[in-house]
Amino acid sequence: MAQETKVAHHSSSSSPNPHIDFFAYNPEKEPIKAYLRIRPQSYNEPLIPEPYLQIVDDLEVCMTPPEDSNAFRARNRTPERYKFTKIFTESATQEDFFNQTTLPLIHDVLRGENALIFAYGVTNSGKTFSIMGTKQQPGLLPRTLDVIFNSINEYKSDAKLKPFMHKQPINRDHTTIAIDTNFEYGIWVSFAEIYTEKIYDLLISPDNMFQKRKALSLKYEYKSGHKYIAGLKEVKVKSIEEAYAILYEGQKNRAEYSTIINQTSSRSHSIFTIRIVRAPIDSHNYVIEDPTYATVSKFSIVDLAGSERYRNTLNSGQRLKEAGNINKSLMVLGQCMETLRLNQLKSAIGKKIALVPYRHSKLTELFKSSFEGDGKAVMVVNVNPFNTGFDENSHVMKFSAVAKDVATWKRVHPRLELKDISKYVNKRLRVTPKQKKVYYGIESLMNDDEDDDDDDDDDDDDESSEDPFVDNLIAQIEDLRNKWLEAETRCATMETEIRQQVTKETEIELKRMEEIYMSSLKRELQDKQNSMSTEMDKLCVHLNEHEATKHSLLEKISELEKDKQKQQEQLNRLAAQIKEKDAIIENLNSIEETNIEPLDKNSFIYTKFLNLRRKLRRSIFRNEEYSHDADVLMTEIEQFENVTFELVKETSMGKLMKLIVEKEFKSDPYKIHQRSKKLLNYYIKLSILSSQKREDKMIVLNTNHANQEQEIRTTLSKLKEENGKLKHKLKLMQESHKRLKKVFDNTWSFEYDDANTIPTLSIPESSKTQQKENKELVNILYYICACFFFFCLLIKLN
Ligand code: ADP
Ligand code: MG
């Protein structure tokens, strides 16, 4: 009893939703208790360097999202905190766990209340271990059977059922609960399974089946208004051995079914139900066998399917169907819990409540009564933080956080007033069994049976009192004290919770504000960065442009330098040329002086040009700037016709131009400087031209002389040749003349021709041929003489 009280006390100091308690505190209502059980790490699981689950105290855990979780991606490392009725770490034994989670429920069930305990968690998190356990470490279900049978020992009703013999747990639980000995207890068990939204009986072995397992349906029970599994085999068990036999039979069948349809048991929900039928015993030790006075309480122990999502089950259509339906049941369970919780809040503030979707899955339909307050509900949350992902376990935690706020009714059955009914109900005389002391040395109520039929208080102790009224008062005081303590504790818890919540919310709000501020700051920075980078880009472009301009300018400068150099060279050349020209002019002047005939200084041209020169000189050198008449004079000079070098020289116009070129005024509107330069150049050209002319003339003369000489020489040589020839001929002629003379002297007589009156030489006939010959000779002579004469004339002419 002491242990039980401790448990009860602890559970009452759990942390229900402060809002619900505050607005709608109802001592008859109690929220679903949520016990977290953390599985120990098994030898083949890898060691996690930084576990995401931290145990804050024995009521609270903190889960920090690791970097590979969805939660981390959604909201970084913000930890999640979850509160539980109690947290069992890996060191907790099956016994501890059972004592604190299930024992109080057995207590209620034996007193006629309904109860539900279910294990929630992903596969491999320890649900089945918690519920069934092993031979060495039996779980809460075999322990429940143990405790029930231990407790009702002498008060169980006779059963005819033939037991199946099976192996039993080595470590039996010897706990006994003090029961109400005003009843006789009958224990009935059933074992069902929900798989892909179909309900199957686990107490029907596969051998009895044909091909397909028969699915059972849910039926409506008019009396209670709740659903039950129609056709489910219910076995009355008289002893713990029988109970075990049934349990293991069901488990065996479950395993066999799983193998037949190739599923794993983790995909189905298994429901083991213990019904306790209480038949009242009246004051004369008669068992009242009237159903009106019998109470039936139900204790359901549920091993839920793994709450993981599709991921691991996507390999075939069957798996997908399984996964879909499993998730459907669990999903609807979650939805129901959420709706129930919200409805509580709504009703607390007088708002209309919503419809709870029990009918959407078999599981919720079946447990509708439990969630609506038909007895207590306890949730065992199993987690394995070593090889289950953060997100999966976070999902489990969230579910439990919602479920643990759902309040269920505490009391179902009204207390029976057996004194009044004892006269007219069916009854049989009870064979009084040997009384047995309860475990932990607590005296059973059996001791004060007959007179003490109105009391089934929890807080009975061995201290017997003389006055039942005083006892009752003391009991009431104790009860009230407990309630007061409970309320105080709740207040304190509420306060701390509110404080924590406020701190948490403030933290969250601050964090949110910080995030908003940071994000806006980030955005601003980003904007600034962007604008800066665009500006930078622009500047870069400008810089490049400037660089290019700089380059081109440098090139231009170097070109200009070169130009300048060239111009300098040109200038130097020009200067040299000018010098040369000056020299030439000087020369020419000297030549002029010597060779050229002086200009006629009285001529009109000379005087005009000279006048122009004088006027221009005056106009330019009188003022400090060029005047209009300088322009007019310049134009006149430029347009002056028949300008010769001699004229320029004689009028010193060239010198004036040179002076003007050398002089520089600030402004030159008439471009006098340029024009004078041009004129000077022109005059220089004139000088060059005139000197060239002179040179040319001389060259022509010289060439003429040479030519003539050459000609004369050739003619002379020709003449000499001719002369030689003529001399030769003359010699010949002289010789022939001599011969002729001789002949003449000898034979020669003159005869005159009548016609010609010219004496002709008459030659004797004998000498007629001789005479002919002589005539030819004379002719040649004449010809030679004519030639010679002509020649001489020619020479003379030349
Ligand atoms: P579930 O039913 O959630 O799929 P199980 O109960 O089958 O998980 O547990 C998986 C394995 O872990 C089993 O071998 C079980 O014996 C072991 N196990 C679970 N919880 C515990 C625990 N608290 N202590 C020791 N072993 C455990
Ligand atoms: Mg399991």
Side-chain angles (χ1 to χ4, degrees), residues 9-27 29-36 38 52-66 69-87 334 337-351 353-354 379 381 383 390-391 393-408 483-521:
H9 186 79
H10 174 81
S11 53
S12 67
S13 68
S14 66
S15 48
N17 190 314
H19 304 288
I20 295 166
D21 288 340
F22 187 78
F23 290 113
Y25 175 72
N26 186 342
K29 267 189 165 178
E30 197 172 84
I32 294 177
K33 290 194 171 77
Y35 295 100
L36 178 70
I38 301 163
Y52 58 76
L53 187 94
Q54 288 94 36
I55 299 157
V56 180
D57 52 34
D58 63 350
L59 298 186
E60 194 175 9
V61 288
C62 176
M63 281 177 53
T64 316
S69 65
N70 293 335
F72 181 85
R73 284 183 278 279
R75 58 186 157 73
N76 244 312
R77 291 195 78 89
T78 318
E80 296 171 359
R81 293 173 92 94
Y82 297 99
K83 284 207 157 197
F84 290 90
T85 311
K86 174 145 174 84
I87 294 164
M337 293 297 172
E338 183 67 59
T339 317
L340 281 166
R341 196 178 72 98
L342 286 173
N343 280 352
Q344 278 167 193
L345 287 169
K346 281 178 183 170
S347 68
I349 54 166
K351 275 181 102 178
I353 59 164
M379 175 171 58
V381 181
V383 295
F390 175 91
D391 295 312
N393 273 337
S394 166
H395 174 79
V396 170
M397 297 292 190
K398 278 183 185 125
F399 170 83
S400 62
V402 173
K404 87 181 212 323
D405 284 342
V406 175
T408 51
K483 275 182 184 165
W484 171 69
L485 274 175
E486 233 176 71
E488 280 288 301
T489 326
R490 274 191 200 190
C491 266
T493 322
M494 249 167 65
E495 199 187 314
T496 43
E497 271 193 6
I498 287 167
R499 275 180 202 286
Q500 276 175 4
Q501 204 165 335
V502 166
T503 322
K504 203 167 148 187
E505 270 167 26
T506 320
E507 256 173 39
I508 291 167
E509 188 58 26
L510 276 173
K511 184 127 191 142
R512 199 180 62 83
M513 275 165 68
E514 193 187 304
E515 267 166 20
I516 291 170
Y517 179 72
M518 285 309 276
S519 70
S520 75
L521 213 75

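Every heavy atom of this structure was used, including side-chain atoms; hydrogens, water molecules and symmetry mates were not. Note that the structure is predicted; figures quoted are calculated from it, not measured.
Here the straight-line distance linking atom CD of Glu515 with atom CD of Glu509 works out to 11.0 Å at 0.5 Å rounding. Here the CE atom belonging to Met379 is positioned 7.0 Å from the CE atom belonging to Met337, to the nearest 0.5 angstrom. Thr64 contributes atom OG1, which lies 4.0 Å from atom CD of Gln54 (distance to the nearest 0.5 angstrom). With rounding to the nearest 0.5 angstrom, the CE atom of Met397 is 5.0 Å from the CE atom of Met63. Taken to the nearest 0.5 Å, the NZ atom of Lys511 stands 13.0 Å off from the CD1 atom of Ile516. Rounded to the nearest 0.5 angstrom, Asp405 CG and Leu342 CG are separated by 10.0 Å.
Here the shortest heavy-atom pairing between Tyr82 and Ala401 reads CD2-CB, 4.2 Å. Closest of all the heavy-atom pairs between Phe399 and Gly334 is CE1-CA, 3.5 Å. Here the shortest heavy-atom pairing between Phe84 and Ser400 reads CE2-OG, 3.4 Å. The nearest pair of heavy atoms linking Thr78 to Pro65 is O-CD, 3.3 Å. Here the closest non-hydrogen pair linking Lys404 and Pro31 is O-CB, 3.4 Å. Ile87 and Asp57 make their closest contact through CD1-O, 3.7 Å (heavy atoms, listed as atom of the first residue, atom of the second, distance).
Glu514 is linked by a side-chain contact (heavy atoms from CB on, under 4.5 Å) to Met518, counting only residues two or more places apart in sequence or in another chain. The salt bridge (charged side-chain N to carboxylate O under 4.0 Å, His left out) test applied to Glu338 returns Arg341, not counting sequence neighbours. Looking at residues two or more places apart in sequence or on another chain, you find a salt bridge (charged side-chain N to carboxylate O under 4.0 Å, His left out) between Glu60 and Arg81. In this structure Cys491 satisfies the side-chain contact (heavy atoms from CB on, under 4.5 Å) test with no other residue, sequence neighbours excluded. By the side-chain contact (heavy atoms from CB on, under 4.5 Å) test, Ile353 pairs with Asn343, Lys346, Ser347, sequence neighbours left out. Partners of Ser519 according to the side-chain contact (heavy atoms from CB on, under 4.5 Å) rule, which considers only residues two or more places apart in sequence or in another chain, are Arg523.
The neighbour count for Lys351 NZ, taken as heavy atoms of other residues, nucleotides or ligands under 6.0 Å away, does not exceed 12.
A donor-acceptor pair under 3.5 Å is absent between the side-chain atoms of Thr85 and the main chain of Tyr35, judged by distance alone.
With contacts defined as side-chain heavy-atom distances shorter than 4.5 Å, the pair Asn393/Val396 qualifies.
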